[in-house]
Amino acid sequence: MIGHFSVQLFDTMLIITPVVLFLMGILIVWISGSLKSKKFIIWFVLMYLFTLMVEIIGVQSGRIFGEYIYGYILGLKIYGVPVIIGFNWVLVILGAVSIALKFNDDIFMICLLSSLMAVLFDTVLEPVAIKFGYWQWRGEEIPAQNYIAWLIISFIISYGLIRFKVDFNSKAFIHYYIGLLLFFFILNFK
């Protein structure tokens, strides 16, 4: 956080963004102990590939989220989509579902709550991502379809997580979600 508010460190912070996101994600998954579950690993890889594919289709067609392009900040890309994006999608959903499980045990309500939390996350993230050059929207306005897509895709991912009884519930994912949400919320004031 301090590096993002420092004039001297800001450019460096942007350059290391994908590395920090990747290392932080790996650390959270490791701390969670979820790697002991074969079902978790399979679900994680499938959802990573699913979200990456959705993003690629979205960038190439403009039909899922709206018309947008990724900048260079988030690092290595496949068909215009940074490889870190799918990874972060999955971690955000794991955090949102972990929180939703604290409030309800009905599968529909868990999926709905976690989807709404994913949309909240994106709502907080978007202004920062645009300002820092993570991505840009055509016409510079974030289309409503972006948030609708986030809601639907997050619901599907959450449903798969709960329906197939993937062992994952860890405070580490909750901390990841809340930490990143607060991080981007504060950066909205930079």
Side-chain angles (χ1 to χ4, degrees), residues 1 17 20-22 24-34 37 39-40 43-55 58 64-66 68 74 81-82 84-132 134-135 137 142-189:
M1 181 62 64
T17 295
V20 170
L21 284 172
F22 179 73
M24 187 170 53
I26 292 292
L27 180 63
I28 292 300
V29 171
W30 181 266
I31 289 170
S32 77
S34 300
S37 166
K39 210 184 253 190
F40 174 84
W43 176 87
F44 196 97
V45 169
L46 289 175
M47 290 306 101
Y48 169 79
L49 294 172
F50 171 71
T51 55
L52 191 62
M53 180 189 71
V54 166
E55 287 280 349
I64 296 176
F65 303 98
Y68 65 110
L74 295 177
V81 176
I84 195 69
I85 288 296
F87 189 63
N88 204 57
W89 258 96
V90 176
L91 291 169
V92 167
I93 299 301
L94 282 165
V97 172
S98 295
I99 294 168
L101 283 167
K102 302 277 184 202
F103 296 100
N104 210 300
D105 58 2
D106 175 72
I107 189 168
F108 177 80
M109 288 306 297
I110 292 167
C111 295
L112 181 61
L113 286 171
S114 60
S115 299
L116 290 170
M117 284 188 282
V119 171
L120 170 66
F121 179 84
D122 190 51
T123 303
V124 171
L125 167 67
E126 285 290 344
V128 174
I130 294 165
K131 183 172 24 177
F132 292 173
Y134 294 0
W135 56 79
W137 292 96
I142 305 163
Q145 85 183 72
N146 173 60
Y147 300 111
I148 294 167
W150 263 83
L151 188 72
I152 293 167
I153 294 164
S154 300
F155 191 96
I156 291 167
I157 297 170
S158 300
Y159 181 80
L161 185 63
I162 302 299
R163 177 72 176 91
F164 296 110
K165 297 178 172 58
V166 176
D167 184 24
F168 71 96
N169 196 2
S170 168
K171 290 181 182 177
F173 296 122
I174 294 172
H175 293 290
Y176 181 86
Y177 174 89
I178 292 171
L180 247 111
L181 184 69
L182 289 173
F183 175 75
F184 287 115
F185 177 77
I186 293 167
L187 285 181
N188 272 285
F189 299 102

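Side-chain atoms are counted along with the backbone in the values below, which use heavy atoms only and exclude waters and symmetry mates.
- Classified by interplanar angle (parallel below 30°, tilted 30° to 60°, perpendicular above 60°), the ring pair W43/F40 is tilted.
- Note that CD1 of I84 is 10.5 Å distant from CG of L52, once rounded to the nearest 0.5 Å.
- The side-chain contact (heavy atoms from CB on, under 4.5 Å) test applied to K171 returns H175, not counting sequence neighbours.
- For the residue pair S154 and S115, the shortest heavy atom distance occurs at C-OG, 3.4 Å.
- Not counting sequence neighbours, the partners of S158 by the side-chain hydrogen bond (donor to acceptor under 3.5 Å, both in side chains) test are S114.
- Scanning all heavy atoms of the two residues, the minimum distance from G66 to P143 falls at CA-CG, 3.9 Å.
- When each of W150, F121, Y48, F50 is tested with W89 by the rule ring pair (Phe, Tyr, Trp, His ring centres under 6.0 Å), just one qualifies, namely W150.
- More than 12 heavy atoms of other residues, nucleotides or ligands sit less than 6.0 Å from atom CG of N188.
- The number of heavy-atom neighbours closer than 6.0 Å to OH of Y147, taken from other residues, nucleotides and ligands shown, is above 12.
- In this structure, the side chains of C111 and I107 come closer than 4.5 Å at one or more pairs of heavy atoms.
- The heavy-atom pair separating F65 from Q145 by the smallest distance is O-CG, 3.2 Å.
- Atom CE of M24 and atom CG of L180 lie 4.5 Å apart (nearest 0.5 Å).
- The closest side-chain heavy-atom distance from V128 to F183 is not below 4.5 Å.
- Taking CD1 of I178 as the reference point, atom CZ of F185 lies at 14.0 Å (rounded to 0.5 Å).
- Proximity of I148 to I152: side-chain heavy atoms (C-beta onward) are separated by under 4.5 Å at one or more points.
- Listed here is the closest heavy atom pair of K165 and K39: O-CD, 3.7 Å.
- In this structure, CG on L187 lies 10.0 Å from CG on L125, to the nearest 0.5 angstrom.
- By the 30° and 60° cut-offs, the orientation of the rings of F173 relative to F168 is tilted.
- Between F87 and F44, the ring center distance clears the sub-6.0 Å criterion.
- Residues satisfying the side-chain hydrogen bond (donor to acceptor under 3.5 Å, both in side chains) test with Y68, not counting sequence neighbours, are E55.
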Steps toward side-chain contact (heavy atoms from CB on, under 4.5 Å) verdict (F132, L74): CA-CA 10 Å; F132 292 173; L74 295 177; over 6 Å; no

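- For the side-chain hydrogen bond (donor to acceptor under 3.5 Å, both in side chains) test, no residue two or more places apart in sequence or in another chain qualifies with T17.
- Summarising the geometry, atom CG belonging to L46 is positioned 10.5 Å from atom OG1 belonging to T51; distances are rounded to the nearest 0.5 Å.
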Kindly indicate, with the supporting measurements, whether the criterion side-chain contact (heavy atoms from CB on, under 4.5 Å) is fulfilled by I64 and I153. CA-CA 10 Å; I64 296 176; I153 294 164; 4.1 Å; yes

Show me the donor-acceptor pairs within less than 3.5 Å that the side chains of residues 91-102 make with the rest of the protein, sequence neighbours left out.
unit_1, atom_1, unit_2, atom_2, d
S98, OG, L94, O, 2.8

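- Applying the side-chain contact (heavy atoms from CB on, under 4.5 Å) criterion to L120, with sequence neighbours excluded, gives V124, Y177, L181.
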Evaluate V45 against L49 for side-chain contact (heavy atoms from CB on, under 4.5 Å), listing each step before the verdict. CA-CA 6 Å; V45 169; L49 294 172; 4.1 Å; yes

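- Ring pair F108/F155: centre-to-centre distance below 6.0 Å.
- The structure places CD1 of I162 at 5.0 Å from CD1 of I110, a figure rounded to the nearest 0.5 Å.
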